[in-house]
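Working notes, beginning with the structure itself.
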Amino acid sequence: MALSGMAIFKHMPKTNCGQCGVPTCLAFAMKLAAGGASLDQCPFVSEEAKAVLAEASAPPIRGVTIGEGEFALKVGEELVMHRHEKTFFNPCGYALMIEDTEDAGAVARKLAALKAATYERVAQKLRSNLVAVKNASGDGAKFASCVAAVAGAIEYPLVLMAEPAAIEAALAATPLKRPLLYAATKANLDAMAALAKKVGAPLAVKAASLDELGELTAKLDGLGVKDLVLDPGSRTLKETHQNLVYIRRAALKKKLRPFGYPIITFPAEETSDDMMETIHAAVYTIKYGGIVVLRDLSPEKAYALYVLRQNIYTDPQRPMQVEQGFYPINGADENSPVLITTNFSLTYFIVSSEVEGSKVPTWLGIVDTDGLSTLTAWAAGKFVPDRIAAFVNKADLASKVKHRTVIIPGYVAQLSGELEEELAGWKVVVGPREASELPAFLKALKPA
Amino acid sequence: MAFQAPVETSSGKIRELTLGAKKTAAVGGQNALAFHAFEGALPNAPKIALEVYDAAPADWGEELKRALGDVWADPVAWAKKCEGEFGADMVCLQLAGTDPNGLNRSVADAVATVKAVADAISVPLIVYGSGNTERDAEVLKAVAEATQGKNVVVGSAVEDNYKSIGAAALGYGCKVIGQTPIDVNMAKQLNILLTNLGVSIDNLLIDPSTGALGYGLEYSFSIHERIKLAALKQNDAMLQAPAVSNLGKEAWRAKEAKISQAEAPQWGDGRKRGIVWEALTATALMMAGSDILIMRHPEAAKLIRQTIAGLSA
């Protein structure tokens with residue numbers, strides 16, 4: 001956890017040699033504390049001090065990566081209980097659960113649908129992350145062939161849910177890069193630990209209670225298995241929610257290392273109702289789930305979860321922004337009206353949604369205002385006549401439409417005169433103040 | 001190693017308000033964060049108020065028509081169905097028809113609708129204006145007068161009309177929802193202004209404004225969390241009023257909720273999609289600390305009721 005500059009300074013050589021690029025050891029310690037330097041920039045720091053500082057600067061919740069390459073999922077490394085305190089960093093991963101007793105054709109169709117359910121929203125790609133294959137049959141051969149089929153059908157990393165022998169056999173037949181092994185328990189701990197080390201994979205730990213969970217992770221850490229994911233074993237909404245809060249607090253506030261790992265949750269095993277499963281997943285997206293395993297990730301549920309995850313994991317200090325440009329809505333053509341507004345994602349979503357609802361073909365011009373909303377951007381000098389005019393000219397609006405009229409938000413009516421001066425040959429019309437008034441406004445517009 | 005439960009008790013407590021007259025419902029009263037029964041008292045789980053409109057909705061799409069179309073032209077029948085069939089804890093009458101830029105229904109018409117609905121139900125009644133500041137001042141004052149003794153909740157009072165609505169609350173003894181645009185300090189300030197008028201803090205509720213899933217939910221979520229943390233941990237009296245989320249209308253405004261399956265096949269089942277959109281919006285706001293969820297679709301409300309039961313069990 002973060003040490004203060006003074007605490008770090010105690011471990012410095014205090015020679016003020018300056019070889020780290022900073023004149024004094026104290027200044028270097030301060031820079032380290034602020035995250036602006038790394039310890040290896042100091043050539044004289046002792047091994048002992050390195051160990052102390054590395055231990056102290058390790059994140060309170062370990063980051064764990066499942067899979068490799070483009071589809072790898074990293075979870076953990078969270079620093080706060082509430083997103084407004086800083087931000088949530090590594091969005092939780094959604095896993096689709098497949099049982100090795102399911103019909104092979106049905107599994108193939110599910111995986112194809114899962115792959116197809118990929119969306120783009122505010123320049124982010126939204127999709128699921130993992131497939132969990134469960135050895136429900138108890139038959140090792142069945143499990144191995146199911147794992148092979150799934151791995152052949154989809155690039156997403158796998159969660160392998162079986163006893164160590166079955167996992168080992170499946171991996172021998174189908175080598176995988178860093179699958180999540182599920183799970184070490186009190187009964188199989190040594191075998192699972194050995195397997196995780198042998199194949200170099202992260203390991204989930206399942207316990208019957210938080211007491212037991214802490215004992216198991218401490219043991220695994222002692223055995224040298226560091227990449228762990230916690231399953232507190234509860235399978236009701238109430239208990240799982242409580243465990244998630246307890247574990248996050250234990251890691252962040254009590255600095256309890258045995259609980260400093262991401263958590264896996266199982267809506268799939270908590271309810272058989274598809275809609276309730278989605279809501280359980282929503283609760284664990286909001287409150288501290290690292291991996292969320294579901295049986296049903298059909299688009300009407302999955303898309304809502306992806307958007308929820310995007311909302312919750314958005315950095316509160318950095319508003320989501322939409323790319324600058326002219327967007328045609330409802331099949332806009334050269335005769336369609338042109339609305340101009342800011343690139344604050346919320347402004348964009350609300351305005352575009354109202355325009356779509358109106359069914360009136362319209363161009364929506366989005367000016368880069370660093371993600372500020374209309375009035376704030378105007379006050380900050382980012383939604384002002386010269387910038388709007390420069391955008392209209394640069395985007396060559398004149399080649400997109402035959403008419404010469406642009407419509408600005410009612411809240412910045414005061415810009416209209418100056419904007420007309422900046423935009424020679426264009427007429428500026430003041431639109432409504434609220435997006436909700438746009439449909440009526442657009443429908444009443446006379447053809448340009 | 002025995003696990004020491006990292007519980008955190010609070011010095012503050014949300015005020016407990018009793019709403020309604022025939023069949024009352026209590027909200028607030030908790031001294032812990034949402035569903036943290038392991039470290040405090042949660043005497044009242046979040047309540048669900050189902051929406052009723054004063055005029056038949058024009059563009060609600062197929063799914064809502066299927067669920068509500070048989071009653072939505074008749075606010076009294078709609079309200080009775082909310083209480084009887086849908087099991088609403090409360091009814092929220094939205095006087096959208098009074099908007100001068102819309103149907104422009106008269107104050108007398110609005111009052112007649114409110115009285116008819118209030119007489120038809122036993123559960124508490126919340127009455128929201130159209131959101132037109134000037135008209136709401138006029139309409140809500142008349143509503144407060146006409147429902148005196150029924151302990152209704154009227155909303156929303158905003159910066160520009162809180163004096164008239166606050167005065168009505170003082171005169172006729174109703175509860176008032178103060179609405180501010182997604183800002184903790186403004187929510188607090190409005191309650192200070194209303195209490196300075198003489199309205200008791202025990203008659204106030206906070207509506208910090210609602211953004212639906214995908215449409216600003218993250219802002220509403222964090223404002224609710226910050227209000228509850230300030231109320232419970234810093235003991236901030238002016239933020240200890242229960243919070244309201246007017247979320248049904250926001251969730252169903254999203255195109256993801258209402259667009260047909262034919263138009264957006266990539267988003268899956270057109271029937272379930274809107275219900276999920278509203279249910280996840282409600283889930284997030286409830287987890288953040290909202291005490292009253294104003295909802296639209298009876299099936300979304302049913303899912304949330306089941307979720308509240310599951311989290312409280």
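Here is how names work: the chains are called A, B, and so on, in the same order as the sequence lines, proteins then strands, and each is numbered from 1. We use all heavy atoms of the structure for the numbers below, so side chains are in, but hydrogens, waters and symmetry mates are not.
- For the pair B:E8 and A:R249, the salt-bridge criterion is met [side-chain N within less than 4.0 Å of a carboxylate O].
- Residue contact with chain A, scored on non-hydrogen atoms closer than 4.5 Å, is absent for B:R271.
- A heavy-atom distance below 4.5 Å is found between the side chains of B:P6 and A:Y246.
- Put simply, the side chain of A:R121 gets close to the backbone of B:G214: a donor and an acceptor are under 3.5 Å apart.
- Within residues 305-313 of chain B, the residues having any heavy atom under 4.5 Å from a heavy atom of chain A are, by residue number, B:Q306, B:T307, B:G310, B:L311, B:S312, B:A313.
- Using a 4.0 Å cut-off between a side-chain N of Lys or Arg and a carboxylate O of Asp or Glu, A:R318 and B:E218 do not qualify as a salt bridge.
- Contacts of B:A34 with chain A are made by backbone atoms alone, with heavy-atom separations under 4.5 Å and no side-chain atom involved.
- In this view, A:K254 satisfies the salt bridge (Lys or Arg N to Asp or Glu O under 4.0 Å) rule with no residue, not counting sequence neighbours.
- Of the residues considered (B:N101, B:I275, B:L303), B:L303 shows the highest number of contacts with chain A, using heavy-atom pairs under 4.5 Å.
- Taking chain A as the reference chain and counting heavy-atom pairs below 4.5 Å, the highest number among B:L33, B:I223, B:I304, B:L229 is found for B:L229.
- Counting heavy-atom pairs closer than 4.5 Å to chain A, the top residue among B:G216, B:A282, B:G274, B:A37 is B:G216.
- Between B:Y215 and A:L346, the shortest heavy-atom distance links the atoms C-CD1, 3.1 Å.
- At a heavy-atom cut-off of under 4.5 Å, chain A is reached by B:K255, B:E256, B:E263, B:Q266, B:W267, B:G268, B:D269 from residues 254-270 of chain B, listed in order of number.
- Residues passing the salt bridge (Lys or Arg N to Asp or Glu O under 4.0 Å) test with A:R109: none are found, sequence neighbours excluded.
- For the residue pair B:A284 and A:L308, the shortest heavy atom distance occurs at CB-CD1, 4.2 Å.
- Only the side chain of B:F221 comes within contact range of chain A, judged by heavy atoms closer than 4.5 Å.
- A:R83 and B:S222 are linked by a side-chain donor-acceptor pair at a separation below 3.5 angstrom, with hydrogens and angles left out of the test.
- Judged by distance alone, the side chain of A:D211 and the main-chain N or O of B:A2 form no donor-acceptor pair under 3.5 Å.
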